[in-house]
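One structure below.
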Amino acid sequence: MGKEKAKIYTVSQVNGLIKGVLESNLPGRLTVAGEISDWKEHSPSGHCYFSLKDEKSNLPCAMWKPNVLRVRFRPENGLAVLASGFIDVYVPRGRYQLIVDEFVPAGVGALQLAFEQMVKKLRAEGLFEDKHKKRLPAYPARIGILTSESGAAVRDIEDSIFNRWPCVKLFLYPVPVQGEGAAEKIAAAIRDVNRRNKKLKLDILIVGRGGGSREDLWAFNEEVLARAIFESQIPVISAVGHEVDVTIADYVADARASTPTKAGVVAVPDYVEVLEQLGSMERRIAGELRAGLDLASQRLETLLAGAIFRNPLSLVHNREQQVDEVRTVLVGSVRELLASARKLVSAGYEHIVKIEPHRLLGKMAVDVGRLGSRADAAIKSVLTRARMGITAGANRLAGLNPKAVLKRGYSITTVKGTGKVVRKREEIEIGDLMVTELAEENLIESKVTKK
Amino acid sequence: MADKKDDDISKLSFEDAIKELTAIVGKIEQGEIALQDSLEQYERGMALIKHCRGILQQAEKRIEKISKEAGDSKEE
């Protein structure tokens with residue numbers, strides 16, 4: 001080969017050669033340990049592209065949609081996995097890649113990882129919280145059982161219920177409990193009975209199956225079933241597998257029976273206990289009633305022993321006496337009332353007669369006349385008194401006139417010239433001429449000769 | 001209470017009957033009611049107990065099948 005002249009290859013030829021070499025020299029199937037990185041899901045194809053890596057190296061990987069859907073857990077970056085598949089060369093890009101068809105988580109198992117991831121997710125959404133748990137009816141009358149018709153679980157559940165509570169009606173809704181699509185079918189059945197429950201009138205639903213491998217129980221860990229249980233208006237009891245098996249359905253159900261054989265204990269009361277309770281209630285109300293009757297008859301006895309019942313007529317006589325007394329008092333006071341009423345009436349009549357209006361008017365006219373005369377007299381006397389006063393005043397005035405004095409023989413002497421009235425000696429001098437006035441206008445002149 | 005007749009009781013579910021019964025026992029025991037009423041309540045209580053016992057004895061122990069296709073249960 002070396003001696004031959006160098007051959008020219010096309011790009012396609014080279015990639016084709018590499019593809020052939022790889023495929024013929026590598027094992028047909030490889031399982032590679034690595035950590036997932038660069039996880040990308042392509043839409044709409046659903047194929048996924050990522051890398052597996054270790055400390056030193058990176059291996060491009062692809063996973064086709066059907067294989068992706070089969071992975072129970074969620075592949076995420078950083079997750080350590082064992083990826084199985086084969087090496088393929090993608091000729092258009094000259095790129096080799098591991099075509100992964102199966103993942104197994106390194107460390108924990110795939111199912112355990114998926115379970116843990118689902119618990120985490122649904123818990124974060126609050127689906128397991130106690131506040132969402134519905135209370136189971138204390139005495140259910142109709143119970144729906146969703147399980148496989150062929151399994152042992154249906155008998156176990158039935159027996160465990162009827163042994164405790166035979167008066168309940170059971171309804172089996174057959175569903176597949178494992179395999180492809182089982183979770184979806186159980187979920188659909190739960191929604192179906194909820195929709196029809198106006199007619200079905202189921203008090204409780206029991207969803208379950210007998211023991212099996214983790215894989216067998218897987219339907220009870222799936223999200224679709226968990227959500228259907230969560231949304232059910234009818235309270236749901238989960239009864240899956242053995243005591244040790246715990247499923248998502250157990251977490252989300254309103255109550256959990258550890259196995260189908262324990263479903264009865266969770267779902268129904270024990271009729272022996274209930275019968276005892278009924279007996280106890282019967283005794284209690286009968287006892288209370290008897291006690292009540294005893295008490296009442298005691299009271300009756302006490303009353304019968306009293307004076308009234310020993311001499312029942314005394315009560316009547318007492319009452320009659322009281323009636324008599326009351327009657328006397330009543331008659332007396334009625335009479336008094338009548339008498340005073342009569343008095344009042346006649347007094348009122350007299351009063352009315354006395355103040356007869358026309359007489360009143362006559363009296364008033366007389367009074368007015370009288371008042372008129374009195375006013376006249378008063379005015380006359382005032383006038384008389386005034387006249388008399390005037391006369392007296394005039395007389396007194398006349399008395400005060402100095403000339404009037406002259407008539408009684410007195411005279412007035414004045415100094416001649418000054419006209420001053422002479423009252424005292426000092427007012428005149430010897431030799432002064434004086435004029436003396438007498439009554440009737442007579443004047444006398446004189447001369448002072450001596451003082 | 002007095003206007004409820006026995007045929008009303010026969011229609012009660014076990015749950016409702018025992019609920020009422022419990023209430024009656026409570027009332028009678030607490031002496032909340034007059035003697036005349038307690039006689040009535042006693043009679044009703046006894047009728048309820050009888051009804052409950054009757055339900056417990058109606059054990060058919062049968063399991064019926066319901067399915068999506070049938071659309072309905074035969075039982076009503």
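Every chain is numbered from 1 and lettered A, B, ... according to where its sequence line falls, protein lines coming before strand lines.
Between the CG atom of B:Leu39 and the CG atom of A:Leu289 there is a distance of 5.0 Å, given to the nearest 0.5 Å. Distance CD1/B:Ile24 to CZ/A:Arg284: 12.5 Å, rounded to 0.5 Å. The structure places CZ of B:Arg62 at 9.0 Å from CZ of A:Phe162, a figure rounded to the nearest 0.5 Å. Rounding to the nearest 0.5 angstrom, the gap separating the SG atom in B:Cys52 from the OH atom in A:Tyr139 is 8.5 Å. Note that NZ of B:Lys61 and CG of A:Asn163 are 6.0 Å apart. Values are rounded to the nearest 0.5 Å.
Only the side chain of A:Ile145 comes within contact range of chain B, with heavy atoms under 4.5 Å apart. A:Val193 touches chain B through its side chain: at least one heavy atom from C-beta onward sits under 4.5 Å away, while N, CA, C and O do not. Proximity to chain B is absent for every atom of A:Ala291, based on heavy atoms less than 4.5 angstrom apart. With a threshold of 4.5 angstrom between heavy atoms, A:Ala141 does not approach chain B through any atom at all. Neither the backbone nor the side chain of B:Leu48 has a heavy atom closer than 4.5 Å to any heavy atom of chain A.
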Exercise for review: Begin from the C-alpha positions of A:Leu172 and B:Ile66 and carry the test side chain to side chain contact (heavy atoms under 4.5 Å, CB included) through to its verdict.
Suggested key: CA-CA 6 Å; A:Leu172 173 67; B:Ile66 45 176; over 6 Å; no
Practice item. Go through A:Leu278 and B:Leu56 one step at a time and tell me if the side chain to side chain contact (heavy atoms under 4.5 Å, CB included) criterion holds. Key: CA-CA 11 Å; A:Leu278 285 174; B:Leu56 286 178; 4.2 Å; yes
Practice item. Might you work through the side chain to side chain contact (heavy atoms under 4.5 Å, CB included) test for B:Glu64 and A:Leu170, ending with a clear yes or no? Key: CA-CA 6 Å; B:Glu64 290 183 32; A:Leu170 297 185; over 6 Å; no
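With sequence neighbours excluded, no residue forms a salt bridge (Lys or Arg N to Asp or Glu O under 4.0 Å) with A:Glu222.
Contact annotation for residues 258-277 of chain A against chain B (heavy-atom separation below 4.5 Å, listed by residue number): A:Tyr271, A:Val274, A:Leu275. Within residues 223-252 of chain A, no residue approaches chain B closer than 4.5 Å by heavy atoms.
Atom CZ of A:Arg191 has more than 12 neighbouring heavy atoms from other residues, nucleotides or ligands inside a 6.0 Å radius. Residue A:Arg214 qualifies as enclosed at atom CZ: its count of foreign heavy atoms under 6.0 Å is above 12.
Relative ring orientation between A:Trp165 and B:Phe14 is described as perpendicular, the plane-to-plane angle rising above 60° on a 0-90° scale split at 30° and 60°.
Applying the salt bridge (charged side-chain N to carboxylate O under 4.0 Å, His left out) test to pairs two or more places apart or on separate chains, those with a residue in residues 46-55 of chain B are A:Glu282-B:Arg53.
Taking every heavy atom of both residues into account, B:Ile18 and A:Met281 meet most closely at CG1-CE, 3.9 Å. Heavy-atom minimum distance, B:Glu15 versus A:Pro137: OE1-CB, 3.5 Å.
Between A:Glu149 and B:Lys65 a salt bridge is recorded (basic side-chain N to carboxylate O distance below 4.0 Å).
Here A:Ala286 is the residue among A:Ala296, A:Ala286, A:Ala189, A:Gly287 with the most heavy-atom pairs under 4.5 Å with chain B.
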